[in-house]
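Count residues from 1 along the sequence. We use all heavy atoms of the structure for the numbers below, so side chains are in, but hydrogens, waters and symmetry mates are not.
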Amino acid sequence: MSTTTFSKETQLRLTEFFNNSIDVKSMAKSIRQVNYILALNVMHETEFLQQENINLDESFYWLNKLAEILDPYLDVE
């Protein structure tokens with residue numbers, strides 16, 4: 001895994017977006033729904049290239065990670 005440092009402007013824009021522009025619980029729910037639909041589609045796809053499977057797997061992971069940051073659902077005991 002690599003780490004990326006955002007510029008101050010990017011950090012400010014992301015903070016503004018997440019604090020003022022969206023309802024984080026709704027966004028997390030939408031991300032989870034999209035991930036579910038993508039996963040179902042991939043499972044039913046018969047001629048999917050291996051490299052695309054790897055990329056989709058990584059995308060699925062990071063979208064779920066973002067959803068958990070926005071609205072911790074899976075970590076709740």
Heavy atoms only: give me the nearest A67-A28 pair and the separation to one decimal.
-> O-CB, 3.6 Å
Drop me the distance from L12's CG to F6's CZ, to the nearest 0.5 angstrom.
-> 13.5 Å
Those residues at least two apart in sequence (or on a different chain) that pass side chain to side chain donor-acceptor pair (under 3.5 Å) with S30 are none
Which residues satisfy the salt bridge (Lys or Arg N to Asp or Glu O under 4.0 Å) test with K25, sequence neighbours excluded?
-> D71
Does S7 have any side chain to side chain donor-acceptor pair (under 3.5 Å) partners at least two apart in sequence or in another chain, and if so, which?
-> T10
For L66 against I31, the heavy-atom pair lying closest together | CD2-CD1, 3.7 Å
Nearest 0.5 Å please: distance from the NZ atom of K29 over to the CG atom of L70.
-> 14.5 Å
Please list, chain by chain and in numerical order, all residues satisfying side chain to side chain contact (heavy atoms under 4.5 Å, CB included) with F17, sequence neighbours excluded.
-> S21, I22, M27
Roughly how far apart are I69 CD1 and N64 CG, rounded to 0.5 Å?
-> 11.0 Å
Heavy-atom side-chain proximity of E68 to K65 below 4.5 angstrom | no
Taking salt bridge (Lys or Arg N to Asp or Glu O under 4.0 Å) as the test, write out the residues that go with E16, two or more places apart.
-> none
